[in-house]
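Numbers here simply count residues along the sequence, with the first being 1.
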Amino acid sequence: MPNDSSGITLKNVYAGYRGADIVKDINLSFPSGEITVILGENGSGKTTLLKAMAGLIPYRGSITVKGRELSSLSSKERAANIAMLSQMNSAYFSYTVEETVRMGRYRFHTGIFSGTTGDDRRRVEECLKEADIYSIRDSRIGELSGGQLQRVYLASMFAQDSDFIFLDEPTNHLDLKYRARLEKRLQGSQRSVIAVYHDIRAALKMAHLVVLLKDGRVIMAGTPSEITESGALNEAFSMDVSEYLEL
């Protein structure tokens, strides 16, 4: 496995919760500037792998980001390298939409709301408009629908301007129009994207690299055509995916 000094490399990585490994012996290289999609059944370890790569949970083995061990990076260094959108839950603070998006700029300052610059304000405004939430910028996020809230969190993540974007089921709660917009934006981005997806057809359409997980282990990593031609999708999902999706 080559080590991409501008990307993210995992060597013999184990991670999980309460002493139990969910992902096991992961060896992968995520190249910079490409879209990687992680697919697998529920419980296969997709979210756990993403959290370990973001430094949100402990791991064993080695995870390097642009040649540096993840565990050695400060919180602001991690934020400069990695922005992560997790699956939404009901626990959030009652900030306004604009305040929430502005939090994405915290790595540029000594405090979350201190020292806001003209560049920050312009970048936040851009992200609010791109997510089509500028008109509700003064609303409290506790008042929003699930789709609106998802767009707020996406805008905050993009405002962080990190080198790598991690997405965990990013199209959940989004209607078809905003799903299409997000996927088009990701495809046009110059940043590296690593995403967990449920929508297999959309994932295969947008990805440069596809990683298949089953029972916490990688069963294959390859291009979408390699994945579909190999039959590994069927193994990963324990069914005839190709026939079901007419791939």
Side-chain angles (χ1 to χ4, degrees), residues 33-40 42 46-47 50 54 82-105 120-211 223-224 227-228 233 237 241 244-247:
E34 294 191 357
I35 298 175
T36 300
V37 173
I38 303 173
L39 297 175
N42 289 343
K46 303 184 299 295
T47 296
L50 211 60
I82 296 169
M84 180 168 174
L85 176 77
S86 299
Q87 294 185 47
M88 289 196 321
N89 57 51
S90 59
Y92 45 78
F93 298 99
S94 189
Y95 296 121
T96 67
V97 168
E98 185 170 357
E99 286 170 341
T100 303
V101 175
R102 200 188 316 160
M103 288 181 190
R105 305 292 295 172
D120 291 325
R121 287 189 289 273
R122 283 189 293 273
R123 186 70 183 108
V124 168
E125 185 172 317
E126 287 173 359
C127 291
L128 288 167
K129 290 179 177 178
E130 286 172 355
D132 198 17
I133 51 175
Y134 186 78
S135 63
I136 59 169
R137 63 191 181 278
D138 295 323
S139 300
R140 298 283 171 181
I141 62 172
E143 303 167 353
L144 305 182
S145 69
Q148 289 173 322
L149 188 58
Q150 184 82 335
R151 282 151 47 206
V152 171
Y153 289 157
L154 283 164
S156 181
M157 181 198 65
F158 282 117
Q160 193 171 319
D161 286 334
S162 302
D163 293 332
F164 290 87
I165 295 171
F166 288 5
L167 302 168
D168 192 359
E169 302 296 351
T171 59
N172 280 359
H173 310 285
L174 296 182
D175 61 27
L176 188 59
K177 175 175 69 173
Y178 291 110
R179 287 187 186 193
R181 281 190 188 181
L182 173 62
E183 288 165 2
K184 183 177 181 180
R185 178 172 184 184
L186 293 175
Q187 289 174 303
S189 173
Q190 299 301 307
R191 303 189 185 280
S192 308
V193 178
I194 302 174
V196 167
Y197 254 71
H198 267 137
D199 187 334
I200 297 173
R201 189 181 294 279
L204 294 174
K205 181 180 177 181
M206 67 187 297
H208 298 102
L209 177 70
V210 178
V211 174
T223 65
I227 291 291
T228 53
L233 270 173
F237 288 93
V241 177
Y244 179 71
L245 296 179
E246 299 180 346
L247 297 175

Backbone of [Y] reached by a side-chain donor or acceptor of [X] within 3.5 Å:
X	Y	result
E169	H198	yes
Q160	I82	yes
S145	Q148	yes
R151	D132	yes

I need the minimum non-hydrogen distance between [X] and [Y], along with the two atoms involved.
X	Y	value
E130	R181	O-NH1, 4.5 Å
A155	I133	CB-CD1, 4.0 Å
Y197	L39	O-CD2, 3.5 Å
A54	F166	N-CE2, 3.6 Å
V241	L233	CG2-O, 3.7 Å

Do D161 and R191 sit within salt-bridge range, that is, some charged N less than 4.0 Å from a carboxylate O?
-> yes

E126/R123 ion pair, N-O < 4.0 Å =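 Salt bridge between E126 and R123, a charged N being under 4.0 Å from a carboxylate O: yes.
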
Check: D138 and T96 side chains under 4.5 Å, non-hydrogen atoms = no

Heavy-atom check, side chain of K129 versus side chain of R137, under 4.5 Å |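 Sidechains of R137 and K129: no contact.
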
Salt bridge (charged side-chain N to carboxylate O under 4.0 Å, His left out) with E34: which residues, sequence neighbours excluded?
-> none

By salt bridge (charged side-chain N to carboxylate O under 4.0 Å, His left out) - contacts of R179 (at least two apart) |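 With neighbours one apart ignored, the set is empty.
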
